[in-house]
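Both backbone and side-chain heavy atoms feed into the values below; hydrogens, waters and symmetry mates do not.
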Amino acid sequence: MKTQIELARGGIITEQMQTVAIDEKIDATIIRDRVAKGQIVIPNNPFRKGQQVVGIGRGLRTKVNASIGTSSDICDIDLEVRKALAAEQEGADTLMELSAGGDLDAVRRAVLAATSRPVGNVPLYQAFKETTRKYHNPARLDPECLFDLIEQQLADGLSFMAIHCGINQYTIRRLRKQGFRYGGLASKGGTFMVAWMDMNKKENPLYEQFDRVCNLMKKYDAVLSLGNGIRAGAIHDSHDRAQMAEMIINCELAEIGREMGCQTMVEGPGHVPMDEIAGNIMLEKRMSGNAPYYVLGPIPSDVGAGYDHVTAAIGAATSARYGADLICYITPAEHLALPTEADVREGVRVTRLAVHIGDLSKYPERRDRDKQAAMARRDMRWEDLQELLLFPTVARSIRDSRRPEQSETCTMCGDFCAMKKGMEVFSQDIGGDKIAL
């Protein structure tokens with residue numbers, strides 16, 4: 001079976017490419033050519049039927065990922081299914097199932113059965129959890145078991161995987177030489193792999209056998225997301241030598257994987273001050289040959305816990321503006337607790353709004369929806385306005401809870417409504433869409 005990238009290189013426009021073209025209102029030949037170059041990926045494991053087709057990459061709408069999953073403290077499969085459905089209902093484009101507690105196979109399969117979204121994961125979570133259960137020592141992880149587990153998870157229907165191939169002895173030496181960090185290590189899978197390498201005095205098998213990783217991903221035409229295991233966990237650690245060493249390696253691996261016919265994207269950091277976000281994205285695009293960039297957040301401040309979904313939305317809008325292609329949402333529970341269903345909904349909504357704002361700058365020609373909404377607000381056409389909003393149900397419930405005396409106004413201004421008075425003064429000058437002033 002040939003992968004999307006191999007078919008595109010053969011000049012074939014697949015059904016998935018055609019679907020992306022229709023959804024994005026872009027010519028299908030452009031989609032094909034960018035898939036062939038590795039600038040667009042389509043996570044769509046053909047062994048899982050009925051999933052939504054999503055394109056990620058150059059020239060496309062910035063996509064939103066929602067991460068869910070159990071922990072050792074809270075393990076409720078039904079809750080994770082409800083969270084997956086909530087994320088889908090709120091408009092998340094992809095899901096990551098990141099469980100680390102309970103029956104991990106059962107959770108993954110339940111989520112895959114419940115949602116139509118492409119689902120990804122981090123295979124190191126289950127690999128280290130199962131090794132710990134069996135031997136009470138994660139350092140006894142058998143690389144052969146890790147590769148077997150990756151294939152088992154792909155066979156279940158996963159369409160993309162965050163695999164920590166860029167951690168190697170070189171990156172660890174950079175971390176040791178510079179000294180430990182203000183924010184420590186933030187990646188669970190990455191930290192356990194660093195510990196495994198240190199205790200066994202061996203190279204990361206995912207780096208050492210990278211061709212094997214790519215061949216497994218190709219077998220299921222899944223997207224290899226090159227995991228950001230040494231990412232900064234604090235803005236004061238952003239772009240230190242360890243993070244940059246891993247980023248360079250991941251960009252090289254993205255190119256190698258692409259040449260092998262494996263769909264690849266690069267993962268970006270989680271904590272980045274806002275003035276460094278544009279530079280971070282420029283570096284990834286330049287070094288990877290414009291591979292799609294999957295950014296975790298990013299969070300541009302470390303003091304927003306409780307409102308980190310808002311903190312991250314600022315980073316997400318900036319990232320989308322400068323070329324990020326997929327943004328992992330942050331919920332209000334970030335850094336504090338396992339998200340609830342309500343947290344998931346809020347996280348997806350805020351991130352969708354953030355990437356929309358970024359896309360308005362990245363693609364200024366796509367601002368018509370905002371113009372139509374502005375005119376509906378000007379004309380006090382409330383029903384039309386609500387249908388143009390990103391969150392019409394929320395807007396309608398707020399308005400209905402505080403009904404004005406005059407139906408054309410709202411209770412913010414009442415009879416002191418600027419829109420109403422403006423229309424009275426200038427109604428004779430309306431021509432087409434615009435009032436001629």
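Y329 is not listed as a side-chain neighbour of V350, based on a closest heavy-atom distance of 4.5 Å or more. Taking 4.5 Å as the limit, every side-chain heavy atom of N215 sits out of range of all side-chain heavy atoms of V213. L296 has its side chain out of reach of P298: every pair of non-hydrogen atoms, C-beta onward, lies at least 4.5 Å apart. Residues Q51 and R117 form no side-chain contact, since every pair of their non-hydrogen atoms from C-beta on lies 4.5 Å or further apart. Residues E151 and K219 are in side-chain contact: their nearest non-hydrogen atoms beyond the backbone lie under 4.5 Å apart. For the pair T340 and V344, the minimum side-chain heavy-atom distance is 4.5 Å or more. At a threshold of 4.5 Å between non-hydrogen side-chain atoms, the residues D325 and Q39 do not count as touching. Put simply, the side chain of Y125 does not reach to within 4.5 Å of the side chain of S99, judged on heavy atoms.
Taken from NZ in K371 to CG in L388, the straight-line distance is 12.0 Å, to the nearest 0.5 Å. Here CZ of R399 is found 9.0 Å from CG of L385. Values are rounded to the nearest 0.5 Å. With values rounded to the nearest 0.5 angstrom, I31 atom CD1 is found 9.5 Å from M17 atom CE.
Between R377 and D370 there is no salt bridge, since no side-chain N of the basic residue sits under 4.0 Å from a carboxylate O of the acidic one. Looking at E144 and R212, a side-chain N of the basic residue comes within less than 4.0 Å of a carboxylate O on the acidic one, giving a salt bridge. Ion pair R108/E97 not flagged as a salt bridge, since none of the NZ, NE, NH1 or NH2 atoms sits closer than 4.0 Å to an Asp/Glu carboxylate oxygen. Using a cutoff of 4.0 Å between basic side-chain nitrogens and carboxylate oxygens, K134 and E130 are not scored as salt-bridged.
Between H309 and H335, the distance from one ring center to the other does not fall under 6.0 angstrom.
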- Kindly indicate, with the supporting measurements, whether the criterion side chain to side chain donor-acceptor pair (under 3.5 Å) is fulfilled by E246 and N228. CA-CA 7 Å; E246 184 188 35; N228 200 204; 3.2 Å; yes

- Go through the steps for E208 and N168 under the test side chain to side chain donor-acceptor pair (under 3.5 Å), then give the verdict. CA-CA 8 Å; E208 201 169 42; N168 63 9; over 6 Å; no

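Using cut-offs of 30° and 60° for the angle between ring planes, the F160 and Y294 rings count as perpendicular.
The environment of Y293 atom OH is dense: over 12 non-hydrogen atoms of other residues, nucleotides or ligands sit within 6.0 angstrom.
D93 pairs with exactly one of Q52, R352, R61 by the side chain to side chain donor-acceptor pair (under 3.5 Å) rule, that one being R61. Checked options R258, R32, K218; the residue passing with E6 is K218 (criterion: salt bridge (Lys or Arg N to Asp or Glu O under 4.0 Å)).
For the pair R173 and Y170, the cation-pi test (distance below 6.0 Å, angle within 45°) is failed.
Put simply, the side chain of N204 gets close to the backbone of I167: a donor and an acceptor are under 3.5 Å apart. Here the side chain of D27 pairs a donor or acceptor atom with the backbone of T29 at under 3.5 angstrom.
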